Amino acid sequence: GLPDGTLMVGGQFTQANGSGAVGAVRLDATTGATAPGWSVGLENRISGQSVNVRALEVQGPWLYIGGALTHTTGGTWTTPVYSKMIVRVSTSTGIPDNGWNPNLNSTVTSLDASADGSRVYAAGYFTFAGAQSAQKAVALNTTNGGVAQAWSPTWSSSERANYQQAILEVGDRLWVGGSEHLMFSFD
């Protein structure tokens, strides 16, 4: 849920309540109707790919949206902001943050913000964040979306089935679960 009591719902859809809504829509938590006010517009400009929102995370004034996406508009902002696979938008206005772009090279499946607000963790199918290696999981800083800490886990599954499905910070541990029924815990 968002601070204003509405719900942001994501997935692989193009309509909600009979109107256009690609990948994400704000809903009235009681009625399920599309919430009045701001909305978010998502695009995936990778040839042949559709928008697919797989993860939503609220941290402070930001809503992080992860999945298969490349460009975002929102609120009163109508010029598409490039932010590949994860974007963050204001929870009060829906305007995307033009200065935050992790630039992942493939789909995000899970997001979790750190309790102290300094990091956003992502898991998925990606192998790079910009030019830096990010093997299926990454810790991003909340200032500009860059890699917060070099981290190169060695997953114990075959390359073909090597992806991560879930990520969660609990206390001083980071839990990652993924392909081939694997679960990892990191300091």
Side-chain angles (χ1 to χ4, degrees), residues 8 10-12 22-24 40 42-60 62-72 80-89 96-187:
M8 181 61 79
Q12 191 172 13
V22 177
V40 173
L42 302 173
E43 299 176 54
N44 189 346
R45 296 187 184 176
I46 297 172
S47 179
Q49 300 293 313
S50 62
V51 170
N52 187 358
V53 172
R54 305 274 308 262
L56 299 164
E57 176 75 11
V58 175
Q59 175 62 282
W62 300 110
L63 167 64
Y64 294 87
I65 303 170
L69 54 102
T70 61
H71 291 78
T72 306
V81 170
Y82 176 71
S83 188
K84 195 171 176 190
M85 305 306 165
I86 305 174
V87 65
R88 74 178 185 181
V89 302
D97 183 350
N98 199 20
W100 197 86
N101 182 6
N103 196 22
L104 301 175
N105 69 330
S106 194
T107 304
V108 168
T109 58
S110 182
L111 294 172
D112 187 47
S114 65
D116 67 6
S118 68
R119 296 178 181 194
V120 172
Y121 301 104
Y125 292 87
F126 51 85
T127 56
F128 283 93
Q132 192 164 352
S133 179
Q135 297 298 318
K136 319 302 185 194
V138 66
L140 303 166
N141 70 52
T142 55
T143 55
N144 66 9
V147 174
Q149 177 180 350
W151 178 37
S152 296
T154 301
W155 310 112
S156 57
S157 65
S158 70
E159 188 60 35
R160 181 179 65 77
N162 189 354
Y163 61 90
Q164 299 306 309
Q165 284 290 94
I167 196 161
L168 182 66
E169 179 191 77
V170 179
D172 65 351
R173 305 297 299 173
L174 183 65
W175 294 87
V176 181
S179 61
E180 304 300 321
H181 317 290
L182 301 176
M183 178 71 69
F184 295 87
S185 174
F186 298 93
D187 186 9

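None of the values given here were measured: they were computed from a predicted structure. In what follows, every heavy atom counts, from backbone to side chain, and hydrogens, waters and symmetry copies are set aside.
In this structure, OG1 in Thr72 is found 6.5 Å from CD1 in Ile65, a value given to the nearest 0.5 Å. Here the OG1 atom belonging to Thr107 is positioned 5.5 Å from the CE atom belonging to Met85, to the nearest 0.5 angstrom. The CG atom of Leu69 lies 7.0 Å from the CG atom of Asn44; values are rounded to the nearest 0.5 Å.
Side-chain contact between Ile46 and Lys84 is present, with heavy atoms from C-beta onward closer than 4.5 Å. Contact check for Trp151 versus Phe186: side-chain heavy atoms found under the 4.5 Å cut-off. By the 4.5 Å heavy-atom criterion applied to side chains, Asn101 and Asn144 are not counted as neighbours. Between Arg54 and Gln165 the shortest side-chain heavy-atom distance falls below 4.5 Å. When side chains are defined from C-beta on, Ile86 counts as touching Leu111, because their heavy atoms get closer than 4.5 Å. With a 4.5 Å cut-off on side-chain heavy atoms, Tyr82 and Asn103 count as touching. For the pair Phe128/Leu104, no side-chain contact is recorded, criterion being any heavy-atom separation below 4.5 Å from C-beta on. With a 4.5 Å cut-off on side-chain heavy atoms, Ser83 and Pro102 count as touching.
What you find for Ala122 and Ile167 is that their closest heavy atoms are O-CD1, 3.7 Å. Minimum interatomic distance between Leu56 and Gly10 (heavy atoms only, all atoms of both residues): CD1-N, 3.7 Å. Here the shortest heavy-atom pairing between Ser114 and Tyr121 reads CB-CE1, 3.9 Å. Contact detail for Val53 and Gly23: the closest heavy-atom pair is CG2-O, 3.1 Å. Residues Ala55 and Thr109 share a closest heavy-atom pair of CB-O, 4.0 Å. Considering all non-hydrogen atoms of both residues, Ala129 and Val147 come closest at CB-CG2, 3.7 Å.
Side chain to side chain, Gln135 and Ser133 meet the donor-acceptor criterion of an N or O pair below 3.5 Å. Side-chain atoms of Ser50 and Gln12 form a donor-acceptor pair, as typed in the model, at a separation below 3.5 Å. A side-chain donor from one of Arg119 and Gln149 sits under 3.5 Å from a side-chain acceptor of the other. In the model, Thr70 has no side-chain atom that pairs as donor or acceptor with a side-chain atom of Arg45 under 3.5 Å. Looking at Asn105 and Thr127, their side chains do bring a donor and an acceptor atom within 3.5 Å of each other.
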Applying side chain to side chain contact (heavy atoms under 4.5 Å, CB included) to Gln59 and Tyr64, what does each step give before you reach the verdict?
CA-CA 8 Å; Gln59 175 62 282; Tyr64 294 87; 4.0 Å; yes
Taking it one step at a time, do Val108 and Phe126 satisfy side chain to side chain contact (heavy atoms under 4.5 Å, CB included)?
CA-CA 7 Å; Val108 168; Phe126 51 85; 4.2 Å; yes
Working note: Val40 + Met8, criterion side chain to side chain contact (heavy atoms under 4.5 Å, CB included); need CA distance, chi angles, decisive distance, verdict.
CA-CA 10 Å; Val40 173; Met8 181 61 79; 4.1 Å; yes
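Aromatic ring orientation, Tyr125 versus Tyr163: parallel (interplanar angle below 30°, classes split at 30° and 60°).
Not a single donor-acceptor pair under 3.5 Å links the side chain of Glu43 to the backbone N or O of His71. Between the Arg88 side chain and the Thr142 main chain, a donor and an acceptor come within less than 3.5 Å of each other.
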